[in-house]
Protein chains: 2
Amino acid sequence: MTEDVRWLDPVEARAWLGYRRMSLLLGRRLARDLAQASGLSEADYDVLSNLSEAPGASIRLTELAVHLRWSTSRLSHHLTRMRQRGLVARHEHPSDGRGAVITLTAEGQRTIQEAAPGHVASVREHFIDLLTPEQLKAFGDLSWTVVERLNET
Amino acid sequence: MTEDVRWLDPVEARAWLGYRRMSLLLGRRLARDLAQASGLSEADYDVLSNLSEAPGASIRLTELAVHLRWSTSRLSHHLTRMRQRGLVARHEHPSDGRGAVITLTAEGQRTIQEAAPGHVASVREHFIDLLTPEQLKAFGDLSWTVVERLNET
DNA sequence: TCAGCTTAGTTGACACGTCATCAAAGCCCG
DNA sequence: CGGGCTTTGATGACGTGTCAACTAAGCTGA
């Protein structure tokens, strides 16, 4: 039982720790900004913005889950909470008796419209505007490489 | 009340969506791998590895929280759960009556040692080994730029 | 000394995400 | 048609992270 583990070299370790720390701090910060400004969580924001881009602000639950890369379980739980807050509504599907069609309520519509400018500003302040165009391009390439690999399995 | 929001241009939007998606998928995947291989969460792993690097595998709670960039509340909750599983122990501080000193138990020691090789392999498989040395360097620079900015406030 | 401020850590309530399990409806093929 | 397989979505249990409130101990200066 010999040790043949390839530990991370300094450059790799710096990148990995940088990722972990950025992820932790950036997520915390954006979540806080968003919650204080509009009472939404990042999850709420993602649901609402996806919904508002759907034709008719209306989408099948499973389809929304696919767009978000969420499990249907997660989405179902989350929609229950959002529905209780009046941000979304659930309707029966006209032809599929199992189906749930989700729509944006007027309040959900208003909430996302009011939240978006501040959220984009926050994303700019803490991420986008700190990077050069070259860095943004490189980061886009890199992140989608990782994502595509994860999508395979 | 005119709209002067600077929305994201295509390059920016690609980088931001790439980050969000990578964060979601990579976190989910690594958490799953780690949990299946060793029954640890990423949070557990971070606590144990920080603890094992501390002199005497022993550290003050607040100091550990600073290293991890966690709130003391989060750490206190988490240590309660980890202590119930026998991974860590809590002792009184010799000179500060308020103090909690955290140590790694033998089982915690063994668990982190067994978990580490697989976790590093997983990090390599889904992240590090997908990138060129230049990309790793660039990503390290970029992520620490973001982190340093977040540390300021 | 001791009153008031600060620091260490705990706790409870709540939102969140995962997994496993389930019921109901749709589908497909004999 | 009808029996099984699949798909949709809901649900309960559980571990996690946040915020606010709190206790207790240490510290500081009149």
Side-chain angles (χ1 to χ4, degrees), chain A residues 20 23-36 38-48 59-85 87-102, chain B residues 20 23-36 38-48 59-103:
Chain A
R20 295 277 293 156
S23 206
L24 176 70
L25 299 183
L26 186 54
R28 197 146 70 191
R29 181 54 183 261
L30 292 179
R32 207 129 55 184
D33 284 358
L34 186 57
Q36 287 180 353
S38 49
L40 296 176
S41 66
E42 291 196 272
D44 296 332
Y45 188 92
D46 287 346
V47 168
L48 293 179
I59 189 173
R60 190 76 184 260
L61 187 147
T62 297
E63 198 187 340
L64 181 52
V66 169
H67 281 152
L68 291 165
R69 318 285 142 135
W70 287 12
S71 67
T72 58
S73 169
R74 175 180 179 184
L75 183 54
S76 178
H77 278 302
H78 204 89
L79 288 174
T80 299
R81 295 186 293 259
M82 290 182 76
R83 200 166 45 139
Q84 282 165 0
R85 293 190 286 148
L87 296 170
V88 300
R90 211 180 292 226
H91 310 277
E92 286 181 11
H93 191 278
S95 64
D96 186 339
R98 301 163 301 181
V101 175
I102 313 302
Chain B
R20 296 277 293 156
S23 206
L24 177 69
L25 299 183
L26 187 54
R28 197 145 71 189
R29 181 54 183 262
L30 293 179
R32 205 127 59 181
D33 284 358
L34 185 57
Q36 287 181 352
S38 49
L40 296 176
S41 66
E42 292 197 274
D44 296 333
Y45 187 92
D46 287 346
V47 168
L48 293 179
I59 189 173
R60 189 75 184 258
L61 187 148
T62 297
E63 198 187 341
L64 180 52
V66 169
H67 281 152
L68 291 164
R69 300 341 201 236
W70 287 12
S71 68
T72 58
S73 169
R74 174 180 179 184
L75 184 53
S76 178
H77 278 301
H78 204 88
L79 289 174
T80 298
R81 296 187 294 258
M82 291 183 76
R83 199 165 47 137
Q84 284 165 359
R85 294 191 285 149
L87 296 170
V88 299
R90 211 180 290 227
H91 311 277
E92 286 180 12
H93 191 278
S95 64
D96 186 340
R98 302 162 301 181
V101 175
I102 313 302
T103 60

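Throughout, protein chains are lettered first and strands after them, A, B, ... in sequence-line order, and every chain is numbered starting at 1.
Shown here are the side chain to side chain donor-acceptor pair (under 3.5 Å) partners of B:Arg69, two or more places apart in sequence or in another chain: there are none. With sequence neighbours left out, A:Arg29 forms a salt bridge (Lys or Arg N to Asp or Glu O under 4.0 Å) with A:Asp33. In this view, B:Glu63 satisfies the salt bridge (Lys or Arg N to Asp or Glu O under 4.0 Å) rule with no residue, not counting sequence neighbours. In this view, B:Ser38 satisfies the side chain to side chain donor-acceptor pair (under 3.5 Å) rule with no residue, not counting sequence neighbours. Legend: residues meeting side chain to side chain donor-acceptor pair (under 3.5 Å) with B:Arg74, ordered by chain and number and at least two apart, are absent. For B:Arg90, the side chain to side chain donor-acceptor pair (under 3.5 Å) partners two or more places apart in sequence, or in a different chain, are B:Thr80. Contacts of A:Arg85 classified as salt bridge (Lys or Arg N to Asp or Glu O under 4.0 Å), with partners at least two apart in sequence or in another chain: A:Asp44. B:His78 pairs by the ring-ring contact (aromatic ring centres under 6.0 Å, His included) definition with B:Trp70, not counting sequence neighbours.
D:dT8 atom P lies 17 Å from atom CD of A:Glu92, rounded to whole Å. Regarding A:Leu79, its CG atom lies at a distance of 15 Å from the P atom of D:dT8, rounded to whole Å.
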Grab the N/O contacts between the protein and nucleotides 14-19 of chain D below 3.5 Å, and write none if there aren't any.
from, atom 1, to, atom 2, distance (Å)
D:dT16, OP1, B:Ser41, OG, 3.3
D:dT16, OP2, B:Arg81, NE, 2.7
D:dG17, OP1, B:Arg74, NH2, 2.8
D:dG17, OP2, B:Arg74, NE, 3.3
D:dG17, OP2, B:Arg74, NH2, 3.3
D:dT18, O4, B:His77, NE2, 3.2
D:dC19, OP1, A:Arg32, NH1, 3.4
D:dC19, OP2, A:Arg32, NH1, 3.2
D:dC19, N4, B:Ser73, OG, 2.8

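Taking both residues in full, the closest heavy atoms of B:Thr72 and B:Ala65 are given as CG2-CB, 4.1 Å, listed atom of the first, atom of the second, then distance.
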**Prompt:** Reading nucleotides 23-29 of chain D 5' to 3', which nucleotides get B (base under 4.0 Å from a protein heavy atom), which S (sugar-phosphate only), which -?
**Reply:** --BS---
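Between chain A and DNA chain C, the heavy-atom contact criterion of under 4.0 Å yields a 5' to 3' nucleotide range of C:dC16 to C:dG26.
Applying the salt bridge (Lys or Arg N to Asp or Glu O under 4.0 Å) rule to pairs touching residues 92-103 of chain B yields B:Arg60-B:Asp96, B:Asp96-B:Arg98, sequence neighbours excluded.
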